[in-house]
Amino acid sequence: MTRLEQVSDLQPSYDVVVVGAGPAGMAAATEAAAHGLEVLLVDEAVSPGGQIFRAITQTPLRNREVLGEDYWRGRAAADSLLASGVHYLPGATVWHLDAGLQFGLSVGGRAAAVTARRAVLATGALERPFPVKGWTLPGVMSAGAAQTLLKASGMVPQGRVVLAGTGPLLWLLASQLVAAGHPPTAILDTTPTGNWRHAVRAFPGFLRSPYLAKGLRLLMRVRRAVRVVPGVTELAIEPGASCAAELVFHRGMRPAERMAADHVLLHQGVTPNVNLANAAGCALEWSELQACFRPRSDAWGRSSIEGIAITGDGSRIAGAEIAALRGQLAGLDAACELGRMDAEARDKLAAPIRARIATYDRGREFLDRLYRPSDHFRLPHDEALACRCEEVTGRQLREVAALGVPGPNQMKSMLRCGMGPCQGRLCGLTVVEAVAAARGVSPADVGYYRLRSPVKPITVAEIASMPRKASDEKAVLRV
Amino acid sequence: MFQRLPEACDSASRTSIHFTLDGLPAEGFAGDTVAAALLALGRDTCRQTAVSGSPRGPYCMMGVCFDCLVVIDGVGNRQGCLVPLREGMVVETQAGKREIGR
Amino acid sequence: MGESYDAAILGGGLVGTAIGLGLAGQGLRTAILDEGDVAHRASRGNFALVWVQSKGMGMPRYSSWTRESVRLWPGFAASLREEAGIDVSLHQPGGFTLALSEGELERRAANMARLVMQPGFEHLDYEVWDRAQLRQVFPEIGPEVAGAIYCPLDGHVNSLRLFRAQHIVFARRGGAYLPNFPAQDITQLPGGGFRILSGDRSIEAERVILAAGIGNARLAPMVGLGAPVRPLRGQALVTEKIAPFLSHPIVTLRQTDEGGVMIGDSQEEAGFDESTGLGILGAMADRAARMFPKLGQANIVRTWSALRVMTKDGFPIYQQSDAAPGAFLATCHSGVTLAAVHALTVAPMIAAGGLTDALDAFHPRRFHVPAAS
């Protein structure tokens with residue numbers, strides 16, 4: 001692996017540009033390079049691993065029990081990358097991609113344009129918005145944020161720590177905090193009790209999947225050490241008098257209960273980070289099971305735009321193991337498309353990978369159904385800031401939706417939701433679902449934000465440094 | 001407040017980093033991002049918003065929420081969770097809107 | 001059999017809703033038929049200027065029409081505040097066109113001189129400012145800025161709040177907003193009036209007003225009108241929110257009341273392609289950073305492009321149909337500047353039965369006769 005430090009180290013073009021150095025991106029880059037392609041792997045973090053294997057090469061934690069063997073497995077993937085011929089650019093912002101496969105990249109305030117023959121987007125997942133009242137208060141973070149602090153800096157939250165929400169990551173974090181000797185005070189479980197009914201038909205698959213044993217061990221460890229409050233149906237967070245926050249929650253028809261907390265860690269699942277794909281023009285589709293939009297892609301990860309593949313959790317939430325395997329498929333397909341092997345050879349190499357994907361996939365549907373967050377918690381509370389950047393409340397969304405707003409883009413024009421620096425990452429699904437609920441239709445009929453570059457903010461000077469033609473100047477200065 | 005596990009603040013294996021936070025001397029470790037270092041110091045608020053002036057702190061720690069914005073070495077609205085802490089850094093609270101040229 | 005209205009407006013953008021709230025205010029039962037969430041919407045992409053200074057080369061009447069709207073704007077904004085509870089942040093402190101060289105300043109000054117010397121051009125106050133004068137207003141200008149054209153009539157609003165306010169007032173006045181209703185066909189009814197079809201839905205209306213922007217080109221011939229309009233792409237960028245530092249709008253650069261600095265405005269023939277391109281965005285960013293060097297370090301949070309609705313000469317068309325009485329056409333590329341006249345002048349004319357001579361200059365017959373000297 002060649003580590004690049006700044007944009008001046010970049011070539012003007014590469015065979016393959018892979019965005020994101022998580023399990024899928026590392027695998028795609030390593031695989032493509034193994035077939036003799038010139039590969040650039042660009043990542044926002046300073047070391048490889050993505051979020052799931054965050055800081056895998058430099059975590060200060062030595063006790064492997066804390067993060068668990070699933071985390072440490074990431075070391076092998078990182079080692080393969082280190083041993084490969086990949087050009088790796090960390091600490092970089094990928095802010096532009098167009099259908100001509102031109103990328104805009106920046107490092108440390110300097111931008112460059114790079115062209116790819118194939119683009120592989122492995123942009124991973126985001127935690128789903130959790131638009132309850134008070135989710136914007138200091139002291140309230142996502143569970144993923146606490147996990148990042150644990151992995152990268154060996155830090156744990158101190159004092160009264162309350163986890164709230166649903167989904168495998170919430171339980172994984174709880175078990176890691178237990179293993180670190182700092183069990184959280186309580187878990188407010190918002191998993192809808194009716195989910196079991198929907199999940200049970202997918203149970204046979206789960207029973208035969210590698211997730212079963214792992215999941216049971218984890219749940220038992222947490223339940224032994226932590227107070228779990230099941231069946232939470234309402235949740236609000238208020239500023240506390242003598243603590244950071246006070247949780248106010250309901251369990252069904254029972255009266256409101258209160259709980260003081262120094263840290264509130266929220267989580268209700270993850271969804272694909274679609275911003276770059278969306279801005280590049282790749283078509284999205286709605287997944288009812290996972291309640292999110294994802295880029296449309298085929299069995300190799302090819303998107304609706306020629307030359308752009310999307311892989312890993314950025315295209316479909318399926319977990320780290322499947323992400324890495326699908327990343328490998330995208331790498332193989334790039335090698336095939338760029339003439340390093342024929343389709344027959346590619347398919348032959350892909351067959352055992354697909355078989356392994358199928359093994360893991362058996363358990364996914366059960367998890368998706370069991371941990372599907374309730375409609376109530378996906379829709380914004382009236383007093384919650386649905387859009388954190390522009391500070392648009394759930395009530396405002398409902399009032400404006402009543403005017404007959406057909407979708408999120410019109411809502412954006414009306415209320416500025418999604419116009420802030422996060423570019424809808426923390427409000428997109430909330431706004432879509434609020435409009436869909438007001439119209440009484442599926443989010444599939446409502447559609448998602450239409451995004452454009454820059455997908456992350458860059459400076460005026462950086463955009464000004466982009467190459468341009470005389471006709472571009474002429475379109476701007478007309479005197 | 002976030003607390004470092006004993007193995008994560010063993011000064012024999014980890015380099016400490018000195019910086020200033022709103023003018024006062026502060027300390028973190030190599031490998032911390034600016035946002036992580038602030039949380040370890042008990043600072044869960046790092047800015048006031050540009051819209052209403054409400055206090056905010058880091059939410060996602062992975063570069064997507066833009067709630068960990070701080071002024072770093074005189075440059076406003078930087079994502080504290082993406083910037084590695086460096087020796088001698090000058091970190092300040094982001095008080096509402098950024099000033100032009102700052 | 002669908003609903004029946006006094007008036008149906010095709011198009012829910014700034015032009016359609018301004019006329020719509022005007023008609024509803026005149027007591028007409030009015031419907032606005034709109035497309036869905038994704039459509040060619042100039043109203044989402046405009047630059048939000050309420051602007052006079054450079055307009056009317058080739059048609060002096062357009063400058064006067066623009067100024068009528070600018071004069072009506074404060075009252076219009078007040079009525080929006082009162083009825084919708086929304087302050088659209090109208091500011092009319094005068095506006096500037098900055099020049100980045102002496103040569104550019106001379107060319108711009110010469111263009112202004114030619115503009116105001118046209119026969120029939122209503123007197124317009126404007127000034128050519130040098131660099132020293134300009135620094136009094138904009139202390140942050142860069143070394144390349146040679147001077148500017150200043151016109152005291154110019155201003156700007158918050159056009160997104162304007163868009164929302166117009167929708168709210170239209171609804172409060174009893175208007176019916178029907179989204180996801182792209183008009184496919186308009187037929188004249190035997191006893192007068194029109195039926196508008198969209199898929200298996202239809203409505204009937206005594207009057208039909210085409211305010212569908214680019215879509216007017218397709219719709220106009222259905223009711224004996226002609227709307228030779230084409231898309232002209234414009235791209236724009238906007239920064240993060242910055243503490244106020246620009247007191248006046250500049251034609252290519254303005255700071256919104258929320259703090260974002262908008263940077264525009266390119267013009268290119270690109271058909272219906274609404275993509276943005278790094279080259280043009282870069283050219284605009286470059287000029288902005290040369291005008292205000294400190295802006296170079298500001299973060300761009302969004303870019304966009306939208307399609308201006310352009311006629312051959314760039315001026316609006318207002319027309320009523322002879323073949324289909326009750327059918328009207330309104331199309332322009334200045335839906336913000338002209339919002340006040342659309343609501344307060346054009347709508348009452350339509351409600352009263354017909355456009356008056358005041359709008360003669362905007363009839364499309366001008367495209368068919370040789371230009372008069």
Side-chain angles (χ1 to χ4, degrees), chain A residues 95-96 98-99 102 104 109 111 113 279 281 389-390 399-400 402-416 418-423 435 439 445-448 450-454 456-469 471-479, chain C residues 34-38 41 43-44 99-100 104 107-108 111 160-161 163-164 167-168 170-171 176-180 233 235 237-241 252 258 260-261 263 265-268 275-290 295-305:
Chain A
W95 51 269
H96 175 87
D98 56 40
Q102 187 186 38
C389 297
E390 295 289 340
E399 283 170 2
V400 169
L403 291 172
V405 167
N409 293 291
Q410 194 82 323
M411 192 62 97
K412 188 172 172 181
S413 297
M414 294 267 187
L415 287 175
R416 302 188 62 81
M419 284 193 173
C422 99
Q423 282 220 341
V435 174
R439 285 182 52 197
D445 300 323
V446 167
Y448 195 65
R450 177 186 181 171
L451 302 176
R452 298 177 185 274
S453 70
K456 299 271 311 225
I458 56 156
T459 66
V460 171
E462 283 173 280
I463 289 199
S465 74
M466 285 294 101
R468 53 182 179 265
K469 306 186 293 280
S471 62
D472 297 328
E473 303 280 1
K474 235 179 104 190
V476 174
L477 179 62
R478 303 175 301 273
V479 64
Chain C
D34 202 2
E35 291 186 79
D37 194 46
V38 177
R41 290 188 183 278
S43 296
R44 283 184 197 154
L100 281 173
E104 188 185 332
R107 290 196 297 281
R108 293 201 184 279
N111 283 352
L160 296 178
R161 280 212 293 279
F163 186 55
R164 174 156 57 107
H167 269 274
I168 290 174
F170 176 69
Y177 175 67
L178 309 175
N180 300 308
R233 185 165 73 184
Q235 301 188 31
L237 312 94
V238 67
T239 70
E240 63 202 335
K241 292 174 171 61
T252 56
E258 288 129 347
V261 177
I263 300 168
D265 66 337
S266 60
Q267 288 189 9
E268 359 144 41
S275 58
T276 52
L278 288 184
I280 283 184
L281 294 175
M284 293 190 293
D286 177 58
R287 280 184 65 81
R290 283 157 63 200
L295 205 50
Q297 292 315 303
N299 288 306
I300 296 293
V301 289
R302 281 177 297 123
T303 69
W304 65 91
S305 85

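Excluded from the calculations below are hydrogen atoms, water molecules and symmetry mates; all remaining heavy atoms, backbone and side chain alike, are included. The sequence lines fix the lettering, A, B, ..., with proteins before strands; numbering per chain opens at 1.
- A:Ala461 and C:Gln297 get closest at one heavy-atom pair: CB-NE2, 4.1 Å.
- Both the backbone and the side chain of A:Pro454 come within contact range of chain C, judged by heavy atoms closer than 4.5 Å.
- There is no contact between C:Gln235 and chain A, counting heavy-atom distances below 4.5 Å.
- The closest side-chain heavy-atom distance from A:Gln423 to C:Arg302 is below 4.5 Å.
- Within the model, atoms CH2 of A:Trp95 and OG1 of C:Thr303 stand 9.5 Å from one another, a figure rounded to the nearest 0.5 Å.
- Among C:Arg287, C:Glu268, C:Glu240, the residue making the largest number of heavy-atom pairs under 4.5 Å with chain A is C:Arg287.
- For chain A, no part of C:Ser43 is nearby; none of its heavy atoms comes within less than 4.5 Å.
- Within the 4.5 Å cutoff, the side chain of C:Ile300 has heavy atoms near those of the A:Val460 side chain.
- Heavy-atom pairs under 4.5 Å with chain C peak, among A:Arg452, A:Lys474, A:Lys469, at A:Arg452.
- Most heavy-atom pairs under 4.5 Å with chain A, from the set C:Leu281, C:Asp265, C:Leu237, C:Asn111: that is C:Asp265.
- Only the side chain of C:Val38 comes within less than 4.5 Å of a heavy atom in chain A; its backbone stays farther off.
- By number of non-hydrogen pairs under 4.5 angstrom with chain A, the leading residue of C:Thr276, C:Ile280, C:Asn180 is C:Ile280.
- In this structure, chain C has no heavy atom under 4.5 Å from any part of A:Asp98.
- When heavy atoms are compared at a cutoff of 4.5 Å, C:Ile263 approaches chain A solely by way of its side chain, counted from C-beta outward.
- A salt bridge is defined here as a Lys NZ or Arg NE, NH1 or NH2 lying under 4.0 Å from an Asp or Glu carboxylate O, and C:Asp37 with A:Lys412 fails to meet this definition.
- With respect to chain C, the highest number of heavy-atom pairs below 4.5 Å among A:Val435, A:Leu477, A:Val400 belongs to A:Leu477.
- Of the atoms belonging to A:Glu399, not a single heavy atom falls under 4.5 Å from chain C.
- Interatomic distance, C:Ile168 CD1 to A:Met414 CE, rounded to the nearest 0.5 Å: 7.5 Å.
- Residue C:Pro179 comes nearest to A:Gly404 through the heavy atom pair CG-O, 3.0 Å, listed as atom of the first residue, atom of the second, then distance.
- A:Gln410 is listed as a side-chain neighbour of C:Arg41, based on a closest heavy-atom distance under 4.5 Å.
- Of all the listed residues (C:Val301, C:Asp286, C:Leu278), the one sharing the greatest number of non-hydrogen pairs under 4.5 Å with chain A is C:Leu278.
- Contact tally against chain A (heavy-atom pairs below 4.5 Å) for C:His167, C:Arg290, C:Arg161: the top residue is C:His167.
- Chain C forms the most heavy-atom pairs under 4.5 Å with one residue out of A:Glu390, A:Arg478, A:Arg439, and that residue is A:Arg478.
- Atom CZ of A:Arg416 sits about 6.0 Å away from atom CG of C:Leu160, to the nearest 0.5 Å.
- For the atom pair CZ of A:Arg450 and CH2 of C:Trp304, the computed distance is 13.5 Å after rounding to the nearest 0.5 Å.
- Looking only at side-chain heavy atoms (C-beta outward), C:Glu104 and A:Val479 come within less than 4.5 Å of each other.
- Interatomic distance, A:Glu473 CD to C:Met284 CE, rounded to the nearest 0.5 Å: 11.0 Å.
- Each of A:Gly281, A:Pro408, A:Cys389, A:Ser413 has some count of heavy-atom pairs under 4.5 Å with chain C, and the biggest count is that of A:Ser413.
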